[in-house]
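So that the names make sense, note that chain A is the first sequence line, chain B the second, and so on, each numbered from 1.
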Amino acid sequence: MPELPEVETIVRDLRKKIINQRIADVLIFLPRAVQGDPDIFVRILKGNRFSDISRRGKLLIFSLAKGADKLLIHLKMTGQLVYCHQGRLIAGGHSQADFDRHLPNRHTRAGFVFADHARLYFNDLRTFGYLRLASGQELARELDKKFGPEPLSRQFNAIYLARAAKDRKISIKGLLLDQKIVAGIGNIYADEALHAAGIFPGRAAGRVNARQMEKLVAASKRILRQAIKYRGTTFNNYVDADGQRGHFYQHLKVYNRADQPCLACGHLLRKTRIAGRGTAYCPACQH
DNA sequence: CTTCTTGTTACTGA
DNA sequence: ATCAGTAACAAGAA
């Protein structure tokens, strides 16, 4: 379940490893993981170099040294990008106890071989993730259309969120999960932010008051920053570019803690379904 | 066998 | 046109 902190961790790691390395070979193990013509995909990437790596919401964006195209990678729920030196093929993270720690394994969908023999593998158990080439213009149009502000930017503030929520009956959690409203928050961090702000996730967005909006925005930013610091949350599948787990899991206060005591008030946390997602909350401190 | 898991999009009906 | 709710997608785990 890579959300913003997990994707940000991967971006930062990969920047140190593969920038300006010549791409000697492109491996496609599952053709449908690559959107568009696989031959064109290979032709554009082979011999090229990644000149920069960035992220918008949960979407990874690889700029290329040659040509105007960008490589876009979305990890969806179970995608991993794991970098390996030659002879170091270890990747942990899948819940099945230590199965296939060698790469590529049966969940490896694509890969890049660099001139120094290092490799970057795209693994994806459930095959919802994808790799895609897009022109700069195509990408700009898509980002404009489908992505709201970054949650850690100044544009994401209480006034903005209150305006987006005005007169809307959708749950406040549903609003946070809508990537067009704010890009990068997923199920884990939505639950955590709402708990920290003391807001019931099912409350109609339009009925969250200004003071609560302030708390919610501040909590979202604080929690996302903290999660980046701990290199993300590994619940079952996520690993960073070195195949290592994230350590924010032990800082989660509500996600996956249903029936355990609220760390703020001691009341037992509950689990329900809101915005079509499993939702953990404290019935005593969230209203 | 059924139910649950999640990011995103398509679809449905209001 | 906009909004909100839900199914679908895949490959498992329990």
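Checked by atom type and distance alone, the side chain of A/E214 never pairs as donor or acceptor with a backbone atom of A/R211 at under 3.5 Å.
Under 4.0 angstrom from either OP1 or OP2 of B/dT8 there lies at least one side-chain N or O belonging to A/K58. The shortest distance between the side-chain N/O atoms of A/K146 and the OP1/OP2 oxygens of B/dT9 is below 4.0 Å. Regarding contacts with the backbone of B/dT8, a side-chain N or O of A/Q179 is found under 4.0 angstrom from either OP1 or OP2. The side chain of A/R168 contributes no N or O atom lying less than 4.0 Å from OP1 or OP2 of C/dC3.
The separation between A/R106 atom CZ and C/dA10 atom P is 18 Å, rounded to whole Å. Rounded to a whole Å, the OH atom of A/Y130 is 8 Å from the P atom of B/dT8. Distance CD1 (A/I73) to P (B/dG7): 18 Å, rounded to an integer number of Å. What separates OH of A/Y238 from C1' of B/dG7 is a distance of 16 Å, to the nearest Å. Computed from coordinates, the A/R109 CZ to C/dC9 C1' distance equals 14 Å when rounded to whole Å. We find that CZ of A/R32 is positioned 10 Å from C1' of C/dA11, with the value rounded to whole Å. Here C/dG5 presents its C1' atom at 14 Å from CD1 of A/I274, a figure rounded to the nearest Å.
Residue A/N187 has its side chain nearest to B/dG7 when only B/dT5, B/dT9, B/dG7 are considered. Candidate nucleotides B/dT5, B/dT8, C/dG12 were compared by shortest atom distance to the side chain of A/K271, and B/dT5 ranks first. Here B/dT5 is the nucleotide among C/dA4, C/dG12, B/dT5 with the atom lying nearest to any side-chain atom of A/R126.
With salt bridges taken as basic N to acidic carboxylate O contacts below 4.0 Å, none links A/D191 and A/K253. At a threshold of 4.0 Å, the pair A/E8-A/R55 counts as salt-bridged, since one of the basic side-chain nitrogens sits closer than that to a carboxylate oxygen.
Using a 4.0 Å heavy-atom cutoff across all strands shown, A/Y189 reaches no nucleic acid atom at all. Among the atoms of the strands shown, only primed sugar atoms or phosphate atoms (P, OP1, OP2) are found under 4.0 Å from some heavy atom of A/G278.
Taking atom C1' in both B/dT8 and C/dA13, one finds a spacing of 22 Å when rounded to whole Å. C/dA14 and B/dG7 have their C1' atoms separated by 22 Å, with the value rounded to a whole Å.
For A/N20, the CG atom sits in a packed shell: over 12 heavy atoms of surrounding residues, nucleotides or ligands are nearer than 6.0 Å.
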**Message:** If you apply the rule ring pair (Phe, Tyr, Trp, His ring centres under 6.0 Å), what do you find for A/Y121 with A/F112, and how did you get there?
**Reply:** CA-CA 7 Å; A/Y121 287 115; A/F112 300 94; 9.5 Å; no

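Closest-nucleotide positions on DNA chain C for A/I170 and A/R277 were compared, and the one nearer the 5' end corresponds to A/I170. Where A/H74 and A/T279 meet DNA chain B, the nucleotide closest to each residue was compared, and A/T279 sits on the side nearer the 5' end.
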